[in-house]
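Only one structure is covered here, and it is reproduced in the block below.
Every number for a ligand or one of its atoms is a count from 1 in the order of the listing. When a residue number appears, it is its place in the shown sequence, counting from 1.
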Amino acid sequence: MNLDLTHERVCVTGSSGFVGQHVVQILKQRGLSEKSLLLPRHKDFDLTDERDVQQMFAELRPSVVIHLAALVGGIGANRSRPGEFCYANLAMGLHLIEQARIHHVQRLVHVGTVCSYPKFCPTPFSESQLWDGYPEESNAPYGIAKKALIVLLDSYRRQYGFSSAVVLPTNLYGPHDNFNEESSHVIPALIRKMIHARSTHQNDIEIWGSGKATREFLYVADAAEGIVRAAERIDDPSPINLGSGQVLTIQDLVEVLAKACRFDGNISWNATYPDGQPQRHLDSTRATQLLDWKASTSLEYGLETTVEWYCRQVGLPQ
Ligand SMILES: NC(=O)c1ccc[n+]([C@@H]2O[C@H](COP(=O)([O-])OP(=O)(O)OC[C@H]3O[C@@H](n4cnc5c(N)ncnc54)[C@H](OP(=O)(O)O)[C@@H]3O)[C@@H](O)[C@H]2O)c1
């Protein structure tokens with residue numbers, strides 16, 4: 001059943017985060033009013049705490065939930081805090097899904113991750129391969145927590161008729177990304193490194209890993225459009241991949257980024273650090289079929305926009 005979100009009370013968890021800000025913007029463009037957009041903040045409700053989640057549902061009375069709140073980070077953060085990443089993502093999803101069921105929410109969108117796929121999975125990953133093996137070790141606690149919630153949604157559909165949608169975006173990038181040194185993903189980490197090297201006239205930078213792993217990157221606004229379409233059109237938690245189809249090695253990415261950041265110094269690779277999953281990209285055929293969705297932002301344009309946004313934030317010239 002399709003939902004017209006302008007007639008719903010739509011709660012977006014994690015709305016102040018990277019993806020959340022873009023999803024909220026699209027919902028506003030769809031015509032949702034301030035009154036029908038419910039944007040609970042972490043400081044008001046800790047979603048790992050069941051009582052807070054109960055209170056949130058009692059106060060906000062949402063009819064649709066787009067669940068974006070999560071503990072997210074790059075390889076470093078996943079490796080140093082695996083327990084927190086597993087616990088927080090499981091707990092948030094568990095309490096939220098259960099309360100959504102109790103409060104007869106019409107639809108819940110769970111945003112999963114490419115990190116749930118098996119470490120050695122033939123590319124492009126198709127949704128039917130999700131359960132074919134253990135994820136890459138460094139992000140398995142996060143990936144499995146996210147994947148377990150798909151089973152919960154599927155069992156709630158079968159037992160209670162609970163309606164949900166699950167999307168699995170690939171690695172995202174764009175304005176409002178997390179540029180924190182401790183927890184950022186690869187693109188913001190590299191932008192920060194290059195922009196700061198350039199502005200301090202530092203000629204050499206070191207990059208972690210061999211640069212040989214392949215990745216697919218999706219511009220965050222494209223992902224947000226896919227997430228909103230899932231809320232409108234999908235009532236079954238069979239996962240739907242969201243990828244851009246643009247696949248490149250980290251070495252190639254660094255080349256494109258150096259151009260966008262106007263960094264022309266020397267780059268050395270420190271292969272004593274892990275590469276993460278060797279190959280990663282998604283088959284997004286189901287997204288095209290079910291959501292009429294395709295990524296529309298080129299990597300070059302998306303990176304330029306991201307670099308421009310970051311430079312504005314830190315007050316440095318692009
Ligand atoms: N970024 C990516 O490349 C990527 C790729 C695939 C999938 N995803 C998925 O997309 C979703 C959004 O990710 P993101 O990159 O936007 O993450 P993000 O920028 O780190 O935002 C996460 C949000 O979750 C909130 N949050 C964290 N812990 C919470 C808690 N205990 N209670 C309530 N709120 C809490 C945060 O609020 P505070 O800031 O106030 O703590 C923040 O608003 C996640 O489900 C993630 O798994 C992201």
Ion pair Arg30/Glu232, N-O distance below 4.0 Å: yes

Ion pair check, Glu308 and Arg312, cut-off under 4.0 Å: yes

Residue pairs passing the ring-ring contact (aromatic ring centres under 6.0 Å, His included) test where at least one lies in residues 30-74, sequence neighbours excluded: Phe57-His103

Arg41 near ligand 1 by a heavy-atom separation under 4.0 Å: no

Residue and atom name of the nearest protein heavy atom (relative to atom 22 (C) of ligand 1), distance in Å to one decimal: Ala70 O, 3.6 Å

For Phe45, the ligand 1 atoms whose distance to one of its heavy atoms is below 4.0 Å: 32 (N), 33 (C)

Nearest atoms (heavy-atom pairs only) where Pro239 meets Glu127: O-CG, 3.1 Å

Polar proximity ligand 1 side, Leu47 side, N/O cut 3.5 Å exclusive: yes

Nearest non-hydrogen protein atom, atom 23 (C) of ligand 1: Gly14 CA, 3.6 Å

Note, Leu71 side chain near Arg81 side chain (heavy atom, < 4.5 Å): yes

From the candidates Ser15, Gly17, Gly74, Ser116, the one that places a heavy atom nearest atom 42 (C) of ligand 1: Gly17

Closest protein heavy atom to atom 20 (O) of ligand 1, given as residue, atom name and distance to 0.1 Å: Val72 CB, 4.2 Å

Ser16, any N or O under 3.5 Å of ligand 1 N or O: yes

Any Thr170 heavy atom less than 4.0 Å to ligand 1: yes

Proximity flag Ala88 to ligand 1, non-hydrogen atoms under 4.0 Å: no

Side chains of Asp204 and Ser268, donor plus acceptor under 3.5 Å: no

ILVMFWY cluster, Leu60 and Val10 together (side-chain gap under 4.5 Å): no

Whether Val111 lies under 4.0 Å from ligand 1, heavy atom: yes

Spatial distance of atom CG (Leu253) from atom CD (Gln246) [nearest 0.5 Å]: 11.0 Å

Within-cutoff protein neighbour (heavy atom, under 4.0 Å) for atom 36 (C) of ligand 1: no

Exercise: do Gln251 and Thr249 side chains pair donor with acceptor under 3.5 Å: no

Contact with ligand 1 for Asp46, non-hydrogen, under 4.0 angstrom: yes

Other residues, nucleotides, ligands: >12 heavy atoms within 6.0 Å of Asp4 CG: yes

Derivation of the side chain to side chain donor-acceptor pair (under 3.5 Å) call for Ser163 and Arg107: CA-CA 5 Å; Ser163 166; Arg107 187 163 300 160; 3.2 Å; yes

Atom 3 (O) of ligand 1: the protein heavy-atom neighbour that sits closest, reported with distance to 0.1 Å: Leu172 N, 3.0 Å

N or O contact, Leu71 vs ligand 1, cut-off under 3.5 Å: no

N/O separation below 3.5 Å, Met92 to ligand 1: no

Atoms of ligand 1 close to Leu68 [distance to a heavy atom under 4.0 angstrom, numbered from 1]: 11 (C), 12 (C), 44 (C), 45 (O)

Proximal ligand 1 atoms for Thr48, defined as those under 4.0 Å from one of its heavy atoms: 31 (N)

His67 near ligand 1 by a heavy-atom separation under 4.0 Å: no

Contact (N/O only, under 3.5 Å) between His42 and ligand 1: yes

Close approach, Gly112 and ligand 1, non-hydrogen under 4.0 angstrom: yes

Glu98/Arg101 salt bridge by N-O under 4.0 Å criterion: yes

Plane angle bin for Tyr310 and His196 - parallel if under 30°, tilted between 30 and 60°, otherwise perpendicular: perpendicular

For Pro169, atoms of ligand 1 separated by under 4.0 Å from a heavy atom: 6 (C), 7 (C)

Min heavy-atom dist Tyr142 to ligand 1 below 4.0 Å: yes

Tyr160 atom OH: more than 12 heavy-atom contacts under 6.0 Å: yes

Top protein contact for atom 15 (O) of ligand 1, by heavy-atom distance: Phe18 CD2, 3.6 Å

Pair Ser296, Asp222: side-chain N/O donor-acceptor within cut-off below 3.5 Å: yes

Shortest protein contact, atom 14 (P) of ligand 1 (heavy atom only): Val19 CG2, 3.8 Å

Numbering as shown, the atoms of ligand 1 that approach Lys146 to under 4.0 Å (heavy-atom distance): 44 (C), 45 (O), 46 (C), 47 (O)

Greater than 12 external heavy atoms within 6.0 Å of Gln29's CD: yes

N or O contact, Ala69 vs ligand 1, cut-off under 3.5 Å: no

